[in-house]
Amino acid sequence: MADKVTPRSEDYSRWYTDVIQRAEMADYAPVRGCMVIRPYGYALWENLQSALDKRFKATGHVNAYFPLFIPMSFLRKEQEHVEGFSPQLAIVTIGGGEQLEDPLVVRPTSETIIGHMYAQWVRSYRDLPILINLWNSVVRWEQRTRLFLRTTEFLWQEGHTAHATYEEAEEETLRMLNIYADFAQNEAAVPVIMGRKSESEKFAGALRTYSIEAMMGDKRALQSATSHNLGQNFAKAFNIQFLDRDNALKTCWTTSWGLSSRMIGAIIMVHGDDQGLILPPRLAPLQAVIVPIWKSDAERAGVMESAQALAKELDGLRIKLDDRDDVSPGFKFNDWEMRGVPLRIEIGPRDVAQGNLVLARRDVPGRPGKTTVPRAGARQRIEEMLATIQSDLYARALAFREANTREPRSYDEFKAAVEDGFARAWWCGSAACEAQVQEETKATIRNVPLDQPGGTGPCIVCNSTATEQAIFAKAY
RNA sequence: CGGGGCGUAGCGCAGCCAGGUAGCGCACUUGAAUGGGGUUCAAGUGGUCGGAGGUUCAAAUCCUCUCGCCCCGACCA
């Protein structure tokens, strides 16, 4: 666990799996494509969960739980939906030793069973909107899996709402997209681009899909969350209808939106370095670790007393005093760096004598990241430094993305751009141009950013007049 | 599903071609010293060699079958 990881420049995907395992975030499970999220990784998930959950609650959503099993017949009710998901389904055909008449699908997502229940719960416009979120796991039989990024079973939340009008549904879809972006940027320190998915990349059964996209450390894109305006597709398939004020029977408009444990992969890949993880202070399971240093037993007593007092002063922050007696301070430095703890507090005999502490920032390796601060008022300094680390991580990631995003003028420039980063280019909107790009470059349209320059330009592929720019990149 | 690779101690590997009853590094245990950037020395623990069958006096090693995993591609949060 204390060995060095594969450098990112040598083999990025090896680095990624090395770091996760060495930092004890997750481990491979004995089931193909599945992982065990270990306590350290789960603690990160819990922090992420609570930051998101607060935002959901603040916008009027409530949590509920829906079944793991969904009748196969439900999925068939929405044509596009079942076509999109059938290759990825795990299906239970035997229960209690008997063949099931209607096989049960292990949920790949819950739109259908939600639709079934909402149809029963909605009678009047007074019942709307319904704003429910689920924290659960889903199963999609993926062919190629990677820890956190794509596993057969993954943790996520799925929000499902029903509204009286199209406008309200669209407003909700965008509201949640903004919440995801706010969360990603302010909690995870991951800069994201909000945008609309192309027809070919949208959710199976949606009218329109929006996403937030982030650039990883290897310059590839990762879709970090999605928000779908489902139109009336599911409402019609499941008869979610209500009697409106005008006494007319109308069909609902629904939305769904999700963010998964994949976000943990994004945090790892956006911030990590060759020393290991770098976790954003607001989500890190441990915000600071105190490493006491001593030589003699006499020094030990004084140092430990001071370290324990400091730990008490820092109550309320997520702190650990590393009092292990069997490893050297140097080992502990590297160990906690591997795990991405944002701040290390060193306290030794010199510091005790002089009334100082040494603070070492994880995001600034080596000497330059170390500062000696007076023991008095340390808590405030530490809190300030955590806030600085949080915003510096975001700024650094944003600068990296901008440095690796190009606006090519020609198709040749475009091809070079998507080889090594994001390309922002005019796109005429045709599926043919999109397919050609994918065929020739392996890059896909990540999304059409909500933030557009206005005006028109020549489509990067076919030169015809385009009214929107899209982000093209190779993606996870 | 196509291509490639690998299964020998917890992890990483050697041994296999030229069969003779399993070894190295790390980790782990114990002890001592050490301790401001991955500490050292000493002594230990730990393996039905992925599984099944076959050849042989004898199989990690040769033959047949099988299972699993990882990596790269097409599909996906």
Side-chain angles (χ1 to χ4, degrees), chain A residues 1-6 11-14 16-18 21-22 27-34 83-89 108-109 137-158 180 197 200-204 209 211-214 221-228 256-266 275-276 291-297 299-300 303 324-338 344-354 356-358 360 365-367 369-370 372 438-439 442 444 474-476:
Chain A
M1 162 263 287
D3 292 329
K4 284 195 162 69
V5 295
T6 307
D11 184 340
Y12 196 82
S13 87
R14 272 280 299 279
Y16 178 77
T17 46
D18 280 2
Q21 290 180 86
R22 300 263 167 78
D27 209 346
Y28 289 101
V31 181
R32 183 195 154 80
C34 293
E83 281 171 13
F85 277 106
S86 43
Q88 295 182 276
L89 298 177
T109 180
S137 72
V138 289
V139 166
R140 298 181 187 175
W141 217 261
E142 298 291 349
Q143 295 172 4
R144 257 188 78 198
T145 57
R146 299 196 62 198
L147 294 173
F148 290 113
L149 298 178
R150 190 182 301 106
T151 47
T152 299
E153 179 189 11
F154 58 89
L155 297 180
W156 77 343
Q157 57 68 217
E158 44 175 328
Y180 287 141
K197 284 292 195 182
S200 69
E201 298 262 337
K202 74 168 196 197
F203 175 74
T209 291
S211 72
I212 54 172
E213 303 280 335
L222 184 77
Q223 174 174 301
S224 307
T226 48
S227 185
H228 317 289
S256 69
W257 25 274
L259 180 148
S260 73
S261 42
R262 170 178 256 199
M263 189 72 207
I264 292 176
Q275 299 306 310
V291 178
I293 298 154
W294 64 79
K295 288 194 176 77
S296 64
D297 278 353
E299 285 174 346
R300 179 191 166 140
V303 165
R324 283 179 291 177
D325 208 356
D326 48 356
V327 289
S328 67
F331 180 93
K332 292 177 184 176
F333 294 176
N334 286 282
D335 194 29
W336 292 112
E337 280 170 9
M338 171 68 67
R344 180 179 68 241
I345 305 168
E346 301 173 19
I347 177 163
R350 282 206 305 268
D351 307 306
V352 174
Q354 295 165 10
N356 287 333
L357 296 173
V358 175
R367 298 262 168 236
K370 287 198 186 191
T372 302
Q438 180 161 13
E439 176 74 20
K442 306 282 182 206
T444 50
K474 292 185 182 173
Y476 275 98

**Report entry** Rounded P spacing from B/G10 to B/U21 in Å
**Finding:** 23 Å
Report task. Describe the nucleic acid contact of A/Arg350 in one word from base, sugar-phosphate, nothing, applying a heavy-atom distance below 4.0 Å. Result -> base
Requested in this report: Not counting sequence neighbours, which residues clear side chain to side chain contact (heavy atoms under 4.5 Å, CB included) with A/Glu83? List them please.
Outcome: A/Gln79
Query raised in the report: Which part of the nucleic acid, if any, lies within reach of A/Leu149 when heavy atoms closer than 4.0 Å are counted: base, sugar-phosphate only, or nothing?
Result: base
Query raised in the report: Contact class for A/Val327 vs. all strands (heavy atom < 4.0 Å): base, sugar-phosphate, or nothing?
Result: base
Query raised in the report: What is the nucleic acid contact for A/Pro329, judged by heavy atoms within less than 4.0 Å: base, sugar-phosphate only, or nothing?
Result: sugar-phosphate
Requested in this report: Tell me whether the OP1 or OP2 atom of B/G38 has a side-chain N or O from A/Ser328 closer than 4.0 Å.
Outcome: no
Query - Rounded distance in Å between the P positions of B/C49 and B/U8 - result: 11 Å
Report task. Using a heavy-atom cut-off of under 4.0 Å over every strand shown, decide if A/Glu346 touches base, sugar-phosphate, or nothing. Result -> base
Report task. Apply side chain to side chain donor-acceptor pair (under 3.5 Å) to A/Lys370 and list each qualifying residue two or more places apart in sequence or on a separate chain. Result -> A/Glu346
Report task. Using a 4.0 Å heavy-atom cut-off across all strands, classify A/Thr151 as base, sugar-phosphate, or nothing. Result -> base
Query raised in the report: Any donor-acceptor pair under 3.5 Å between the side chain of A/Arg140 and the base of B/C76?
Result: no
Report task. Quick one: label A/Phe154 by what it contacts on the DNA or RNA (base, sugar-phosphate, nothing), any heavy atom closer than 4.0 Å. Result -> base
Query raised in the report: Are A/Asp335 and A/Arg344 close enough for a salt bridge, meaning some N to O gap below 4.0 Å?
Result: no
Report task. Identify whether any heavy atom of A/Val358 sits under 4.0 Å from a base atom; if not, whether one sits that close to sugar-phosphate; answer base, sugar-phosphate or nothing. Result -> base
Query - Any residue meeting side chain to side chain donor-acceptor pair (under 3.5 Å) with A/Asp351, in chain and number order, not counting sequence neighbours - result: none
Report task. Would you state whether a donor and an acceptor, one from the side chain of A/Asp335 and one from the base of B/G38, lie under 3.5 Å apart? Result -> no
Query raised in the report: When the P atoms of B/G47 and B/A9 are considered, how many whole Å apart are they?
Result: 11 Å
Query - Residue list, ring pair (Phe, Tyr, Trp, His ring centres under 6.0 Å) with A/Tyr16, at least two apart or on another chain - result: none
Query raised in the report: Is there a donor and acceptor pair, one atom on the side chain of A/Arg324 and one on the base of B/G35, closer than 3.5 Å?
Result: no
Requested in this report: Identify, with sequence neighbours excluded, every residue that meets ring pair (Phe, Tyr, Trp, His ring centres under 6.0 Å) alongside A/Trp141.
Outcome: none
Query raised in the report: NA contact type, A/Asp18, heavy-atom cut-off 4.0 Å: base, sugar-phosphate, or nothing?
Result: nothing
Query - Partners passing side chain to side chain contact (heavy atoms under 4.5 Å, CB included) against A/Glu153 (at least two apart in sequence or in another chain) - result: A/Ser137, A/Val139
Query raised in the report: Would A/Arg140 count as a cation-pi partner of A/Trp156, with NZ or CZ less than 6.0 Å from the six-membered ring centre and within 45° of the ring normal?
Result: yes
What nitrogen or oxygen pairs link the protein and nucleotides 66-72 of chain B at under 3.5 Å?
{"from": "B/C72", "atom 1": "OP2", "to": "A/Arg144", "atom 2": "NH2", "distance (Å)": "2.4"}

Query raised in the report: Counting only distance, no hydrogens or angles, is the base of B/G73 paired donor-acceptor with the side chain of A/Lys442 under 3.5 Å?
Result: no
Query raised in the report: Taking only residues two or more places apart in sequence, or in another chain, which ones meet A/Ser256 in a side chain to side chain donor-acceptor pair (under 3.5 Å)?
Result: A/Glu111
Report task. Could you check whether A/Gly258 gets within reach of a base, just the sugar-phosphate, or nothing at all, counting any heavy atom under 4.0 Å? Result -> nothing
Between the protein and nucleotides 2-6 of chain B, list every N/O to N/O distance that falls short of 3.5 Å.
none

